[in-house]
Amino acid sequence: IAVFSSATAHSVYIDGGSVGNSAATSITLSGLNHIHVGARYSAGVRGAFFDGQIAEVAVWNAALTAVDVSKLSRGFRPSLLRPQSLVFYAPLIREAVDLKDAPITISGATAARHCRRVG
């Protein structure tokens, strides 16, 4: 999980534990109209593909706390975590569907078993 708390405060969590924080690079997210999940997109080219499984993709317009991240890592359903701030949610189980009605295009992905969810 990547959390952008401000333009200069970023945190990354793997399996619910904090892996790192960064204040070195200033990034301001605004006008987000597309995302690439599982690949890096640079200069019009996708590359550096993620070699693993991604069960769900969710985007909130508020910074998640360490407690929020811990809940998600234990299987808490993203649609129940801060639903008022959830702007995109796609459980990638069997088929990709955005439950917040945003357009979604999937390429190069296959269905995988999903972990147990709580809530």
Side-chain angles (χ1 to χ4, degrees):
I1 295 176
V3 176
F4 290 71
S5 302
S6 72
T8 57
H10 322 121
S11 300
V12 175
Y13 300 83
I14 294 179
D15 295 331
S18 181
V19 172
N21 297 295
S22 171
T25 304
S26 179
I27 299 172
T28 302
L29 298 176
S30 67
L32 182 67
N33 62 7
H34 69 275
I35 60 173
H36 294 265
V37 177
R40 183 177 61 202
Y41 188 79
S42 179
V45 177
R46 279 187 299 239
F49 294 99
F50 176 71
D51 184 21
Q53 297 178 345
I54 300 171
E56 297 173 291
V57 178
V59 177
W60 288 264
N61 62 6
L64 300 182
T65 67
V67 171
D68 294 334
V69 171
S70 177
K71 287 179 182 178
L72 291 170
S73 74
R74 292 189 318 263
F76 193 83
R77 188 182 306 258
S79 61
L80 300 177
L81 182 71
R82 296 190 186 200
Q84 71 282 3
S85 300
L86 186 64
V87 296
F88 177 84
Y89 173 50
L92 305 176
I93 306 163
R94 288 180 286 288
E95 63 182 75
V97 177
D98 173 30
L99 300 181
K100 298 298 280 184
D101 295 326
I104 184 170
T105 302
I106 301 294
S107 61
T110 58
R113 291 189 54 187
H114 193 281
C115 64
R116 178 184 64 83
R117 296 196 313 187
V118 178

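- Considering only residues two or more places apart in sequence or on other chains, Ser70 meets the side chain to side chain donor-acceptor pair (under 3.5 Å) condition with Arg74.
- Residues meeting the side chain to side chain contact (heavy atoms under 4.5 Å, CB included) test with Ala63, sequence neighbours left out: Val3, Ser5.
- The CD1 atom of Ile14 sits 10.5 Å away from atom CD1 of Ile1, with the distance rounded to the nearest 0.5 Å.
- Contact annotation: the side chain of Phe88 approaches that of Val57 to within less than 4.5 Å [non-hydrogen atoms, C-beta and beyond].
- Across all non-hydrogen atoms, the minimal contact from Leu86 to Ala58 is CD1-CB, 3.9 Å.
- We find the CG-CG distance between Leu80 and Leu72 to be 10.5 Å, quoted to the nearest 0.5 Å.
- A search for side chain to side chain contact (heavy atoms under 4.5 Å, CB included) contacts involving Ser85 returns Trp60, Asn61, Ala62, Arg82, not counting sequence neighbours.
- Phe76 places none of its side-chain heavy atoms less than 4.5 Å from the side chain of Pro78.
- Between Arg77 and Leu81, the closest side-chain pair of non-hydrogen atoms is not below 4.5 Å.
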